[in-house]
Amino acid sequence: MNKYRSHNCNELRKKDVGSKVFLSGWINKKRDHGNLLFIDLRDNYGITQCIIDKENSNFSDLEKIQLETVIKIDGKVVNRSKETINKEIDTGEIEVVIETFKTLGTCNELPMPVFSDQEYSEEIRLRYRFLDLRRKKIHENIILRSKVISFIRNEMNKLGFLEFQTPILTSSSPEGARDFLVPSRLNPGKFYALPQAPQQFKQLIMVSGFDKYFQIAPCFRDEDARADRSPGEFYQLDLEMSFVEQDDVFNVVELLLTNTFKKFSNKKLIFSKFPKIPYKEALEKYGTDKPDLRNPLIINDITEIFERKDVSFEIFKRLVKSGSKVRCIVTKDTKDKPRSFFDNIDKWAKEQGASGLAYFTIEKDKDILAKGPIGKFFSTESLEEIMKKTKAQVGDSIFLACNKKTELERITSIARDKIAKDLKLVDENTFAFCWIVDYPMFEKDEQSKKIKFSHNPFSMPQGDKGKINFEKPLEILAYQYDIVCNGIELSSGAIRNHIPELMYKLFSIAGYDKKQVNEKFSGMINALSYGAPPHGGIAPGIDRIVMLLANEKNIREVTMFPMNQNAQDLMMNAPSEINESQLKELNLSLKIKK
RNA sequence: GGGGGUGUAGCUCAGUUGGUUAGAGCGAUCGCCUGUCACGCGAUAGGUCGAGGGUUCGAGUCCCUUCACUCCCGCCA
């Protein structure tokens, strides 16, 4: 028998009353009545109330002991009287009368209490992460993460995918995020890079004939953090399939995510089949390629209205003449909202760097008319045209913004979120997945005015090879897709370009000649020349999936040992300085800017 | 690289218009208490008010600089 415990702290029940047991765990809480002491003993599984009184010679020692000390207690399970049953805990019908105890791990005065619902600064939480992780909420989040990963792994196996590991030390890639670099001792002056994703490897696995691959893959990108983005490292469910089209990938991912979200959350999935929204349409209707479809509001373009003679809103008319667009958001039945509702949104928009959000409400007297600060600028006919275009009805309000396309998309997108929040239109108890499809292959870099890959250079362009119009590269679409849930981008993927000739052509448009492609992507391009299957895949972010399932807004709440915003691990003291001999061995010397 | 927020006891926070000795809860220490489950009661200790400079008779409070944490923009194929 194990010498530390006969049961864990969530095991004892009424049926155990009378038996002698020994438990080990942390002292979660003490309640000291002077001659009677209650100790809540906690482990990973739960809490058991233990009790001792002054008749016992161990009483005074236990009375003095610090919270979070690890102890082993020997005792007897007894019934609790009816009034003292605690329904909050699974073991609440019984308690253990302590006979003897032993300290297994002492505890200093705590820098942060474990038993408390208080919120602590992240600095202290990360510095003492081992204490933080004992706390209920995050402890459960991390357990959830483990269960989700193991469920996904099991599902992928059932679907016939093989799990492989790919190298962590690999080569630096020219496109994409900044690499983390590792100096090579055996190859002076040369560096490995940590993989930003196993992109090239998973394609090579397909070329190697393994058909279906997956991996819970660590990815390393040296970019700045956000609430939903860890600095340094994160995990993807990386997967790739041979002989597939876009829909084959969609079917696998929809099945997997549906099963996962149904199993680990009580929230409802709004769509059983995830809607597919072309990239261009997403930008028009939602102002972003990661729309929150729980939000029913839709953006409409009504630029044409401002070319009419019977509309006299001169500010917008002038902007439209110089190339700006007008887009609007209709809110249903808001004619009775107080003036402050509209003005708050206008004020908010100004704080977001917009020139504000104009608005009016559609009402009907004898004719249709617009009420509100700018209502008088619109004729009845123009209003009827707006109602036709936007499906607005009498009693609805219309918020308008006018700007150049990109800025207009930005402001209408966040306005859509803001207005829906103010009107409480978003059902927090749902998940709304969607696919964003038909991404453009190329885009124009606003600074350099050069054509560049808009996403992944290895994506397959749409259309038959012979029919693609390479003269108009910005119009070429790719079999490139994103999956979005509740406005959070979970991942992107693509059907890959497995035809070297076509790949050289596309790279030439982005300004790489054949020689450069051969040099930079030698592993890939070489492999594709020796019989590559058509293939494609995707890589959903594990951390973000768990974040959604755990109902957390910050990725560090589902990450066991995250780094802070400055990419430092406060507990382990990483990154840290290294000594001179290590540098010498690596043929490195430091020049630090002051 | 840029913008916003925060920084007061070990932890979480309050601190009025610039005004006498900077407070509370939790935690710690000591004492009382035999049915609590956020136990209760009493006492004690604990402060570079993030740091530096300035204005002022007087600064936790106003100004400047700076540091740390955090949120956002840039960045993240």
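For the numbers below, each heavy atom of this structure counts, side chains included, while hydrogens, waters and symmetry mates do not. Labels below follow one simple rule: chain letters A, B, ... track the order of the sequence lines, proteins then strands, and each chain is numbered from 1.
The residue A/Ser454 sits close only to the backbone: its heavy atoms come under 4.0 Å of sugar-phosphate atoms, none of a base. Across all strands, A/Pro111 comes closer than 4.0 Å only to sugar-phosphate atoms, never to a base (heavy-atom distances). Backbone-only contact: A/Tyr120 has heavy atoms under 4.0 Å from sugar-phosphate atoms and none from a base. Across all strands shown, A/Glu119 has heavy atoms under 4.0 Å from sugar-phosphate atoms exclusively, and none from any base.
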What are the atom names and distances for every N/O pair under 3.5 Å that joins the protein to nucleotides 37-41 of chain B?
{"unit_1": "B/C37", "atom_1": "O4'", "unit_2": "A/Arg31", "atom_2": "NE", "d": "3.0"}
{"unit_1": "B/C37", "atom_1": "O2", "unit_2": "A/Gln49", "atom_2": "OE1", "d": "3.4"}
{"unit_1": "B/C37", "atom_1": "O2", "unit_2": "A/Asn86", "atom_2": "ND2", "d": "2.9"}
{"unit_1": "B/C37", "atom_1": "N3", "unit_2": "A/Arg80", "atom_2": "NH1", "d": "3.0"}
{"unit_1": "B/C37", "atom_1": "N4", "unit_2": "A/Thr84", "atom_2": "O", "d": "2.5"}
{"unit_1": "B/C39", "atom_1": "OP1", "unit_2": "A/Lys29", "atom_2": "NZ", "d": "3.0"}
{"unit_1": "B/C39", "atom_1": "OP2", "unit_2": "A/Arg31", "atom_2": "NH1", "d": "3.3"}
{"unit_1": "B/C39", "atom_1": "N4", "unit_2": "A/Asp32", "atom_2": "O", "d": "2.2"}

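The CG atom of A/Leu110 lies 9.0 Å from the CE atom of A/Met112; values are rounded to the nearest 0.5 Å.
What separates NZ of A/Lys290 from P of B/C76 is a distance of 13 Å, to the nearest Å.
Applying the salt bridge (Lys or Arg N to Asp or Glu O under 4.0 Å) test to A/Glu99 and every residue at least two apart in sequence or in another chain returns A/Lys20. In this view, A/Lys136 and A/Glu140 satisfy the side-chain contact (heavy atoms from CB on, under 4.5 Å) rule, not counting sequence neighbours. Partners of A/Glu88 under the side-chain contact (heavy atoms from CB on, under 4.5 Å) rule, at least two apart in sequence or in another chain, are A/Asn86. For the side-chain hydrogen bond (donor to acceptor under 3.5 Å, both in side chains) test, residues two or more places apart in sequence or in another chain that qualify with A/Arg410 are A/Glu407. Here A/Arg134 pairs with A/Glu68 under the side-chain hydrogen bond (donor to acceptor under 3.5 Å, both in side chains) rule; sequence neighbours left out. In this structure A/Asn486 satisfies the side-chain contact (heavy atoms from CB on, under 4.5 Å) test together with A/Asp292, A/Arg294, A/Phe431, A/Ala432, A/Leu548, sequence neighbours excluded.
Searching all strands for a Watson-Crick or G-U wobble partner of B/C41 with both distances below 3.5 Å returns B/G31. Figure legend. B/G46 is base-paired to no nucleotide; pairs are counted as Watson-Crick or G-U wobble with both atom distances under 3.5 Å. B/G19 and B/C57 make up a base pair, with Watson-Crick or G-U wobble contacts both under 3.5 Å. When Watson-Crick and G-U wobble pairs are counted only if both distances are under 3.5 Å, B/U6 pairs with B/A68. B/A24 and B/U12 make up a base pair, with Watson-Crick or G-U wobble contacts both under 3.5 Å.
Taking the P atom of each, B/C13 and B/U21 are spaced 28 Å apart, rounded to whole Å. Using atom P as the reference point in both B/A22 and B/C49, the two lie 11 Å apart (nearest Å). Nucleotides B/G60 and B/A14, compared at atom C1', are 12 Å apart to the nearest Å.
In terms of polar N and O atoms assigned as donor or acceptor, the side chain of A/Glu95 comes within less than 3.5 Å of the base of B/G35 in a complementary pairing.
Each side-chain hydrogen bond (donor to acceptor under 3.5 Å, both in side chains) pair with one or both residues in residues 502-521 of chain A, not counting sequence neighbours, appears once here: A/Glu175-A/Tyr512, A/Tyr504-A/Asn518. Applying the side-chain hydrogen bond (donor to acceptor under 3.5 Å, both in side chains) test to every pair with at least one member in residues 8-19 of chain A, sequence neighbours left out, gives these pairs: A/Asn10-A/Asp90.
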inquiry  = For a quick check, with a 4.0 angstrom heavy-atom cut-off, what is the B/S/- contact string for nucleotides 68-75 of chain B, read 5' to 3'?
reply    = SSBBSBBB
Could you give the side-chain donor-acceptor pairs of residues 22-34 of chain A under 3.5 Å, partners two or more places apart or in another chain?
{"unit_1": "A/Ser24", "atom_1": "OG", "unit_2": "A/Tyr4", "atom_2": "O", "d": "2.7"}
{"unit_1": "A/Asn28", "atom_1": "OD1", "unit_2": "A/Arg42", "atom_2": "NH1", "d": "2.7"}
{"unit_1": "A/Lys30", "atom_1": "NZ", "unit_2": "A/Glu63", "atom_2": "O", "d": "2.8"}
{"unit_1": "A/Lys30", "atom_1": "NZ", "unit_2": "A/Ile65", "atom_2": "O", "d": "2.4"}
{"unit_1": "A/Arg31", "atom_1": "NH1", "unit_2": "A/Asp40", "atom_2": "OD2", "d": "3.0"}
{"unit_1": "A/Arg31", "atom_1": "NH2", "unit_2": "A/Asp40", "atom_2": "OD1", "d": "3.0"}
{"unit_1": "A/Arg31", "atom_1": "NH2", "unit_2": "A/Asp40", "atom_2": "OD2", "d": "3.3"}
{"unit_1": "A/Arg31", "atom_1": "NH2", "unit_2": "A/Gln49", "atom_2": "OE1", "d": "2.9"}
{"unit_1": "A/Asp32", "atom_1": "OD1", "unit_2": "A/Gly34", "atom_2": "N", "d": "2.8"}

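Proximity of residues 497-508 of chain A to RNA chain B (heavy atom under 4.0 angstrom from any strand atom) is not detected for any residue.
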